[in-house]
**Student:** 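There's a structure below that I have some questions on.
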Amino acid sequence: MKIKVPASSANLGPGFDSIGVAISLYLTIEVIGESDHWQVDHNLGDLPSGKDNMIVQAALSVKPDLTPQHLRVESDIPLAHGLGSSSSAIVGGIELADQLGQLNLAPHEKIEIAAQLEGHPDNVAPTILGSLVVGCKVNGHFTAVKAPVPPFAMIAYIPAYNLKTSDARAVLPKQLSFKEAVQASAVANTAVAALFAQDYEKAGELMEADLFHERYRSKLVPELEIIRNVGHEHGAVATYLSGAGPTIMSLVDPQHISDFVDAVREAGLKDEIRRLEVAPRGAFWQK
Ligand SMILES: Nc1ncnc2c1ncn2[C@@H]1O[C@H](COP(=O)(O)OP(=O)(O)O)[C@@H](O)[C@H]1O
Ligand SMILES: N[C@@H](CCOP(=O)(O)O)C(=O)O
């Protein structure tokens with residue numbers, strides 16, 4: 001049995017800690033069988049291979065008495081690159097506990113557990129539900145709503161360097177003034193309204209008008225402004241910092257993909273560019 005868990009791209013500009021979209025790169029967890037200790041064989045460098053692996057930790061946080069398993073983990077989600085690898089690991093662990101422990105958790109219960117572990121729902125909610133999701137914490141619990149998926153190609157520029165989410169959060173201010181907070185939230189609210197109205201001209205402008213995080217993080221990811229400017233001339237409806245970065249995501253009119261990619265190259269950016277798809281389905285099991 002295998003669990004397949006999609007990646008995710010969070011924030012979409014002003015939806016900081018709130019909006020995310022599931023992406024068609026996958027973490028795969030294969031259950032080989034019971035063992036006398038937790039064993040995680042993986043292709044992910046020096047990540048833990050035992051009980052201290054994040055997937056196992058998430059599973060045990062749901063069901064501490066789970067029988068240890070031998071797992072084989074493969075992933076095409078780059079680590080510490082703003083594509084939600086840690087959220088996919090957490091969601092994978094919750095799915096594992098749900099299946100092995102026959103817990104029959106409902107999607108909203110999985111979101112609650114995963115968002116508590118991750119601290120915010122923007123990656124975990126789409127990773128569980130699939131497609132584009134808006135969520136928040138309210139009255140002490142997490143809530144999430146699916147939104148229409150924009151009909152554009154998701155073109156990711158994936159810099160070679162890593163950026164840990166914790167490092168990219170450390171550059172954010174502790175406080176915003178009341179005036180700034182009102183303006184930042186007004187931009188986010190209107191962006192969400194435009195996404196639901198499927199008015200992508202307005203949505204694109206608003207997705208590029210974030211005031212919560214990108215202006216503080218752009219010094220860590222200087223490619224953001226370059227690609228955003230290229231996008232304005234070459235068919236992108238919006239370019240945003242994917243999660244905490246360093247991946248930069250552009251929503252591009254499918255007719256303009258090669259023009260856009262050529263222009264990014266002409267701007268001197270040499271790292272990986274990938275066309276990704278929105279994953280319509282969240283984490284699932286297969287035989
Ligand atoms: N499959 C996995 N198994 C165990 N730990 C993982 C896995 N995927 C990610 N992680 C942990 O999450 C960290 C990356 O999380 P983070 O800095 O939030 O970046 P991102 O979620 O954007 O990839 C990795 O360094 C590792 O500690
Ligand atoms: N809202 C978070 C999202 C982090 O996503 P990740 O993919 O970088 O883990 C943030 O912007 O810090």
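Numbering of ligands and ligand atoms starts at 1, following listing order.
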**Student:** Can you list every pair that meets ring-ring contact (aromatic ring centres under 6.0 Å, His included) and has a residue in residues 125-161, with sequence neighbours left out?
**Tutor:**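 Every ring-ring contact (aromatic ring centres under 6.0 Å, His included) pair that includes a residue of residues 125-161, provided the two are not neighbours, is Phe152-Tyr200.
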
**Student:** Quick check on ligand 2: any N or O pairs to the protein under 3.5 Å? One line per pair.
**Tutor:**
unit_1	atom_1	unit_2	atom_2	d
ligand 2	1 (N)	Asn11	OD1	3.0
ligand 2	1 (N)	Asp17	N	3.4
ligand 2	1 (N)	Asp17	OD1	2.5
ligand 2	1 (N)	Asp122	OD2	2.6
ligand 2	5 (O)	Asn123	OD1	3.2
ligand 2	7 (O)	Gly84	N	2.9
ligand 2	8 (O)	Thr165	OG1	3.2
ligand 2	8 (O)	Ala244	N	2.9
ligand 2	9 (O)	Thr165	OG1	2.9
ligand 2	11 (O)	Asn11	ND2	2.8
ligand 2	11 (O)	Arg217	NH1	2.8
ligand 2	11 (O)	Arg217	NH2	3.4
ligand 2	12 (O)	Arg169	NH1	2.6
ligand 2	12 (O)	Arg217	NH2	2.9

**Student:** Taking only heavy atoms of Leu83 into account, list the atoms of ligand 1 that are under 4.0 Å away from them.
**Tutor:**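 Listed by number with element, the hits are 22 (O).
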
**Student:** Look only at the side chain of His70 and the backbone of His37, and say whether a donor-acceptor pair between them is shorter than 3.5 Å.
**Tutor:**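 Judged by distance alone, no pair lies under 3.5 Å.
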
**Student:** Can any side-chain N or O of Glu180 pair as donor or acceptor with the backbone N or O of Leu211 at less than 3.5 Å?
**Tutor:**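 Here the side-chain-to-backbone pair does not exist.
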
**Student:** Of the choices Gly92, Ser86, Gly93, which has the non-hydrogen atom that lies closest to atom 15 (O) of ligand 1?
**Tutor:**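 Shortest heavy-atom distance from atom 15 (O) of ligand 1: Ser86.
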
**Student:** Looking only at protein heavy atoms, which one is nearest to atom 25 (O) of ligand 1, and what is the separation?
**Tutor:**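 Nearest neighbour among protein heavy atoms for atom 25 (O) of ligand 1, to 0.1 Å: Leu47 CD2, 4.4 Å.
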
**Student:** Do His232 side-chain atoms and Val230 backbone N/O form a donor-acceptor pair below 3.5 Å?
**Tutor:**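 Here the side-chain-to-backbone pair does not exist.
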
**Student:** Assess whether atom CD of Gln255 is packed by more than 12 heavy atoms of other residues, nucleotides or ligands within 6.0 Å.
**Tutor:**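 It does not: Gln255 CD has 12 such atoms or fewer within range.
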
**Student:** Determine whether a donor-acceptor pair (N or O, by modelled atom type, separation under 3.5 Å) exists between the side chain of Ser88 and the backbone of Pro6.
**Tutor:**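 Looks like yes, one N/O pair under 3.5 Å.
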
**Student:** Provide, to 0.1 Å, the distance between atom 23 (O) of ligand 1 and the closest protein heavy atom, together with that atom's residue and name.
**Tutor:**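 I find the closest protein heavy atom is Ser85 OG, 2.6 Å.
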
**Student:** Are any of the N/O atoms in Glu118 less than 3.5 Å from those in ligand 1?
**Tutor:**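 Not met; the criterion fails.
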
**Student:** In plain terms, say whether Asp17 and Arg169 are close enough for a salt bridge, that is, a side-chain N and a carboxylate O under 4.0 Å apart.
**Tutor:**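 Judged by the 4.0 Å cut-off on N to carboxylate O distance, Asp17 and Arg169 do form a salt bridge.
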
**Student:** Is it true that atom CD of Glu205 has more than 12 heavy atoms of other residues, nucleotides or ligands lying nearer than 6.0 Å?
**Tutor:**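 Atom CD in Glu205 is not packed in, count stays at 12 or less.
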
**Student:** Within ligand 1, which atoms have a heavy atom of His81 less than 4.0 Å away?
**Tutor:**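 Taking each heavy atom of His81 in turn, ligand 1 has 22 (O), 23 (O) under 4.0 Å.
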
**Student:** To check your reading of the model: name the closest protein heavy atom to atom 16 (P) of ligand 1, its residue, and the distance in Å.
**Tutor:**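 For atom 16 (P) of ligand 1, the nearest protein heavy atom is Thr165 OG1, 3.3 Å.
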
**Student:** Would you say Ala80 contacts ligand 1, with heavy atoms under 4.0 Å as the rule?
**Tutor:**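 Ala80: in contact with ligand 1 (<4.0 Å).
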
**Student:** Whether the side chain of His108 engages the backbone of Thr143 through a donor-acceptor N/O pair (distance < 3.5 Å, no angle test) should be reported.
**Tutor:**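 No, His108 side chain to Thr143 backbone: no donor-acceptor pair under 3.5 Å.
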
**Student:** Indicate, as side chain, backbone, both or neither, the part of Leu79 found under 4.0 angstrom from ligand 1 when only non-hydrogen atoms are considered.
**Tutor:**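 Both parts.
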
**Student:** Tell me whether Lys219 at atom NZ has more than 12 heavy atoms from other residues, nucleotides or ligands lying less than 6.0 Å away.
**Tutor:**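 Check passes, neighbour count above 12.
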
**Student:** Between Leu27 and ligand 1, which residue portion shows a heavy-atom distance shorter than 4.0 Å: side chain, backbone, both, or neither?
**Tutor:**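 The part of Leu27 near ligand 1 is the side chain, not the backbone.
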
**Student:** How far is atom 10 (N) of ligand 1 from its nearest protein heavy atom, and which residue and atom is that?
**Tutor:**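 The answer is Met54 SD, 3.9 Å.
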
**Student:** Would you please determine whether Gly82 falls within less than 4.0 Å of ligand 1 on a heavy-atom basis?
**Tutor:**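 Checking ligand 1 against Gly82, which is what was asked, there is a heavy-atom contact under 4.0 Å.
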
**Student:** With hydrophobic residues grouped by side-chain heavy-atom distances under 4.5 Å, do Leu100 and Leu27 end up in a single group?
**Tutor:**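 Linked within one cluster.
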
**Student:** Assess the side chains of Ser9 and Ser242: does a donor N or O sit below 3.5 Å from an acceptor N or O?
**Tutor:**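 On atom types as modelled, these side chains qualify, holding a pair under 3.5 Å.
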
**Student:** Which bit of Leu44 is near ligand 1, meaning a heavy atom under 4.0 Å away: side chain, backbone, both or neither?
**Tutor:**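 The side chain, only.
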
**Student:** Between Lys63 and Asp65, does a salt bridge (charged side-chain N to carboxylate O under 4.0 Å, His left out) hold up when you go through it step by step?
**Tutor:** CA-CA 6 Å; Lys63 193 162 180 358; Asp65 62 348; 2.7 Å; yes

**Student:** Just to check, does Gly84 reach to within less than 4.0 Å of ligand 1 when the distance is taken from its heavy atoms?
**Tutor:**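 A heavy atom of Gly84 does come that close to ligand 1.
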
